[in-house]
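Have a look at this one before I ask anything.
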Amino acid sequence: MSATAGKVIKCRAAVAWEPEKPLSIENIEVAPPGKGEVRLKILFNSLCRTDVYWWDVKGQNPLFPRILGHEASGIVESVGEGVTHLKPGDHALPIFTGECGECKYCKSEESNLCEVLRINSDRGVMLSDGKTRFSKNGQPIYHFLGTSTFSEYTVLHAGCVAKINPAAPLDKVCVVSCGFCTGFGATVNVAKPKPNDTVAVFGLGAVGLAACEEARVSGASRIIGVDLLPSRFEQAKQFGVTEFVNPKEHNKPVQEVIAEMTDGGVDRAIECTGNIQASISALECTHDGWGVAVLVSVPKKDAEFKTHPMKFMEGRTFKGTFYGHYKPRTDIPSVVEKYLNKELELDKFITHTVPFSEINKAFDLMLRGEGIRCFICMEE
């Protein structure tokens, strides 16, 4: 890797030239990292719903051409000026949110947000100079979430790179960089179910199943999975789900159904769909006096949360969380260690595998609602 440090690297990338059109595998140029930046060689990706959401840009601000991708793993190829916590050869996870370590949020034990490196889906350039590090024949190609991992090489702010144990298999821990931690952390760090608690999880995609997994690990007595796709229930049993509720199969609000099932409501509810009505249902299906509901997925920009104030006055709590309340550089290495110590199961999240040249198949699978995570191998 030292042979490429400080030089432009030519490599393959899956470029989104316009919304909703198949990604195109292109030979692009990746510039060296600037001050405070890191260039990673990406080895593995897994497709996240967020990539699809910004690819079809429904209700969003379009920014193309762009290189998507944010749930991945790789090896540090080179570092820019001032980077001291990483060196070439380090195994690392790119994270779509960062940790500068200096702002009031990073110094707070109560937040994992960062004033400098907080997620910004509209920004397509690097912070240091307002330019991209990607180009093709002189045409700039925009970044995505500060990660752009659908490229064999990518450049990130150093605060968005978590150094991990080189013993960790990169093809398994790539899911830690987004989906797994988002759901698992929302449960263990925010909802905090106790042994024998009842838990409801809205949405049984990868994030929701990670929330179920932590509820199982915590010793929940019942885990109620709520989803519109009955086909997901059998798969969800692997993650501890004991009962399944499809809102379409009932003639009353799903929160009432769950309250009747659980003698007044569940102890904890985690919302992982991004649907505002599901968020309301998550709060209202919790038990009065002590119920806690956690909002994980992002609703539409114009969504309005409406419930009666008595739902809160009766002792319910509604919380929001971002990336499972994990600080990227501080906490993620320990999550990987737990996997190495067999305290966590990650393998079962990967249900499909495709080579990088067939990345569009991963999009097709997700759009059809098949599987949990599709693993994309960059080296073929």
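Note that the numbering runs from 1 along the sequence shown for the chain.
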Residues Glu77 and Arg39 bridged, charged N to O under 4.0 Å: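 A salt bridge is present here (some side-chain N lies under 4.0 Å from a carboxylate O).
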
Give me the atom names and distance for the closest heavy-atom approach of Thr286 to Gly291.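 Thr286 and Gly291 have their closest heavy atoms at CB-CA, 3.7 Å.
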
For Asn45 and Glu71, run side chain to side chain donor-acceptor pair (under 3.5 Å): C-alpha distance rounded to whole Å, both residues' side-chain angles, the deciding distance at 0.1 Å, then the answer. CA-CA 6 Å; Asn45 269 286; Glu71 190 172 277; over 6 Å; no

Please test Phe349 against Phe239 for ring-ring contact (aromatic ring centres under 6.0 Å, His included), starting from the C-alpha separation and ending with a verdict. CA-CA 10 Å; Phe349 285 87; Phe239 300 85; 5.0 Å; yes

Between Val298 and Tyr323, is there shared hydrophobic-cluster membership here, with clusters defined by ILVMFWY side-chain heavy atoms closer than 4.5 Å?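 No, no single cluster joins them.
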
Could I get the full list of side chain to side chain contact (heavy atoms under 4.5 Å, CB included) partners for Glu379, not counting sequence neighbours?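 For Glu379 the side chain to side chain contact (heavy atoms under 4.5 Å, CB included) partners, ignoring immediate neighbours, are Lys41, Leu43.
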
Are Ile141 and Leu63 in one and the same hydrophobic cluster, where Ile, Leu, Val, Met, Phe, Trp and Tyr link if side-chain heavy atoms are under 4.5 Å apart?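 Unlinked, Ile141 and Leu63 end up in two clusters.
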
Verify same cluster id: Val336, Ile75 (apolar side-chain graph, 4.5 Å):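 Yes, same cluster.
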
Please report the interatomic distance OG1(Thr147) to CD1(Ile95), rounded to the nearest 0.5 Å.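 Here the rounded value is 9.5 Å.
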
OG1 on Thr307 to CD on Gln255, rounded to 0.5 Å: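 With rounding to 0.5 Å, CD (Gln255) is 8.5 Å from OG1 (Thr307).
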
Determine yes or no for a side-chain-to-main-chain donor-acceptor pair under 3.5 angstrom, with Asp227 supplying the side chain and Leu204 the backbone.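 Judged by distance alone, yes, a pair lies under 3.5 Å.
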
Does the side chain of Thr50 come within less than 4.5 Å of Leu145's, by heavy atoms?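 Side-chain contact under 4.5 Å: yes.
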
How many angstroms lie between atom CG of Leu93 and atom OG of Ser177, to the nearest 0.5 angstrom?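 It comes to 5.5 Å.
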
Which atom names give the shortest non-hydrogen contact between Glu102 and Cys106, and what distance separates them?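 Nearest pair, atom of Glu102 first, then Cys106: N-CB, 4.1 Å.
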
In Å and rounded to the nearest 0.5 Å, what is the NE2 to OG1 distance from His325 to Thr187?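 Going from the NE2 atom of His325 to the OG1 atom of Thr187 covers 13.5 Å.
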
Should Val254 and His250 be marked as a side chain to side chain contact (heavy atoms under 4.5 Å, CB included) after you check the CA-CA gap, both sets of side-chain angles, and the distance that decides it? CA-CA 7 Å; Val254 69; His250 299 273; 5.8 Å; no

Linked, directly or transitively: Val190 and Val296 (ILVMFWY side chains, under 4.5 Å):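 Looking at the clustering, Val296 is in the same group as Val190.
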
Hey, are Glu234 and Lys237 close enough for a salt bridge, meaning a charged N less than 4.0 Å from a carboxylate O?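 A salt bridge links Glu234 with Lys237.
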
Is a donor on one side and an acceptor on the other found under 3.5 Å between the side chain of Ser78 and the backbone of Ala5?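 The answer is no, because no donor-acceptor pair under 3.5 Å joins these two groups.
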
Step by step, would you call Glu99 with Lys327 a salt bridge (Lys or Arg N to Asp or Glu O under 4.0 Å)? CA-CA 7 Å; Glu99 183 183 352; Lys327 290 181 182 288; 5.3 Å; no

Out of curiosity, does Val266 fall in the hydrophobic cluster containing Val241 (side-chain heavy atoms, cut-off under 4.5 Å, transitive links)?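 Cluster IDs for Val241 and Val266 differ.
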
Pair Phe150 and Phe144, ring centroids less than 6.0 Å apart: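 Aromatic pair excluded; centres sit 6.0 Å or further apart.
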
Quick check: do Thr182 and Phe322 have side-chain heavy atoms less than 4.5 Å from each other?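 The answer is no; the side chains never approach within 4.5 Å.
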
Indicate whether the side chain of Ser218 and that of Glu214 have a donor and an acceptor atom separated by less than 3.5 Å.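 Checked: Ser218/Glu214 side chains pair up, N/O donor to acceptor below 3.5 Å.
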
Regarding Lys348 and Glu213, does a basic nitrogen lie under 4.0 Å from an acidic carboxylate oxygen?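 Answer for the salt bridge query: yes.
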
Side-chain contact test, heavy atoms from C-beta onward, threshold under 4.5 Å: evaluate it for Pro247 versus Val226 and give yes or no.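 Touching, per the 4.5 Å side-chain cut-off.
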
Answer yes when Lys10 and Glu29 have at least one side-chain N-carboxylate O distance shorter than 4.0 Å, and no when they do not.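 Salt bridge absent between Lys10 and Glu29.
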
Heavy-atom side-chain contact between Met366 and Val52 under 4.5 Å: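 Yes, their side chains come closer than 4.5 Å.
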
Verdict with reasoning, Tyr326 to Phe184, per side chain to side chain contact (heavy atoms under 4.5 Å, CB included): CA-CA 10 Å; Tyr326 287 115; Phe184 194 90; 3.7 Å; yes

Using a cut-off of 6.0 Å, state whether more than 12 heavy atoms not belonging to Phe233 lie near its atom CZ.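 Counting other residues, nucleotides and ligands, CZ of Phe233 exceeds 12 neighbours.
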
What salt bridge (charged side-chain N to carboxylate O under 4.0 Å, His left out) pairs are there with at least one residue in residues 125-138, not counting sequence neighbours?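 For residues 125-138, and leaving out neighbouring residues, the salt bridge (charged side-chain N to carboxylate O under 4.0 Å, His left out) pairs sorted by first residue read Glu26-Lys136, Glu37-Arg133, Asp129-Arg133.
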
For Ile25 and Val15, what are the C-alpha separation, side-chain angles and deciding distance, and is it a side chain to side chain contact (heavy atoms under 4.5 Å, CB included)? CA-CA 6 Å; Ile25 301 297; Val15 179; over 6 Å; no

Worked verdict on His70 versus Asp51 for side chain to side chain donor-acceptor pair (under 3.5 Å): CA-CA 8 Å; His70 65 284; Asp51 296 309; 3.0 Å; yes

Please determine if Lys361 and Asp364 form a salt bridge, counting it only when a charged side-chain N lies under 4.0 Å from a carboxylate O.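 Judged by the 4.0 Å cut-off on N to carboxylate O distance, Lys361 and Asp364 do not form a salt bridge.
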
Using a 4.5 Å cut-off on heavy atoms from C-beta on, say whether the side chain of Val188 contacts that of Val217.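 With C-beta onward as the side chain, the pair stays apart.
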
A side-chain contact here means heavy atoms from C-beta on lying under 4.5 Å apart; do Cys11 and Ser151 qualify?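 In short, these two side chains touch, coming nearer than 4.5 Å.
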
Against the six-membered ring of Tyr105, is Lys107 placed for a cation-pi contact (under 6.0 Å from the centre, within 45° of the normal)?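 Here Lys107 fails the 6.0 Å and 45° test against Tyr105.
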
Decide whether Glu271 and Thr273 meet the rule of one side-chain donor and one side-chain acceptor closer than 3.5 Å.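 Short answer, yes.
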
Step-by-step salt bridge (Lys or Arg N to Asp or Glu O under 4.0 Å) determination, Arg316 to Glu284: CA-CA 8 Å; Arg316 297 177 181 85; Glu284 295 184 351; over 6 Å; no

Answer whether the closest heavy-atom distance between the side chains of Val155 and Leu40 falls below 4.5 Å.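 No. Closest side-chain heavy atoms not under 4.5 Å.
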
Backbone of Tyr142 reached by a side-chain donor or acceptor of Arg66 within 3.5 Å: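 Such a contact is absent between Arg66 side chain and Tyr142 backbone.
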
More than 12 foreign heavy atoms under 6.0 Å from CG of Asn341: is that the case here?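 Buried by this count: over 12 neighbours within 6.0 Å.
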
Would you say the side chain of Leu295 lies within less than 4.5 Å of the side chain of Thr321, judging by non-hydrogen atoms?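 No - every pair of side-chain heavy atoms lies 4.5 Å or more apart.
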
Apply side chain to side chain contact (heavy atoms under 4.5 Å, CB included) to residues Thr198 and Ile224 and explain how you reach the verdict. CA-CA 8 Å; Thr198 54; Ile224 302 170; 5.8 Å; no

Please check if the side chain of Lys338 supplies one atom and the backbone of Ser334 the other of a donor-acceptor pair under 3.5 Å.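 Not at all, since once roles are kept as given, no pair shorter than 3.5 Å links the two residues.
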
To the nearest 0.5 Å, tell me how far Cys160 SG sits from Leu127 CG.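 The SG atom of Cys160 sits 8.0 Å away from the CG atom of Leu127.
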
Checking the side chain of Asn189 only, and the main-chain atoms of Gly324 only, is there a donor and an acceptor separated by less than 3.5 Å?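 Flag set: sc Asn189 to bb Gly324 pair under 3.5 Å.
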
Is Arg12 reaching over with its side chain to a backbone N or O of Met378, donor-acceptor style, under 3.5 angstrom?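 Checking the backbone N and O of Met378 against the side chain of Arg12, a donor-acceptor pair under 3.5 Å is found.
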
Would you find more than 12 non-hydrogen atoms of other residues, nucleotides or ligands less than 6.0 Å from Glu81 atom CD?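 Result for CD/Glu81: open.
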
Could you tell me whether Phe375 and His352 have their ring centroids closer than 6.0 angstrom?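 Ring centres of His352 and Phe375 not closer than 6.0 Å.
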
If the threshold is 4.0 Å, N to carboxylate O, is there a salt bridge linking Glu345 and Arg216?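 Here Glu345 pairs with Arg216 in a salt bridge, since their nearest N and O are under 4.0 Å apart.
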
Spatial distance of atom OG (Ser281) from atom CZ (Phe202) [nearest 0.5 Å]: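 Between Ser281 OG and Phe202 CZ, I get 5.5 Å after rounding to 0.5 Å.
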
Step through it carefully: locate the ring centre of Trp17, locate the ring centre of Phe64, and say whether they are under 6.0 Å apart.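 Trp17 vs Phe64: aromatic centres not under 6.0 Å.
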
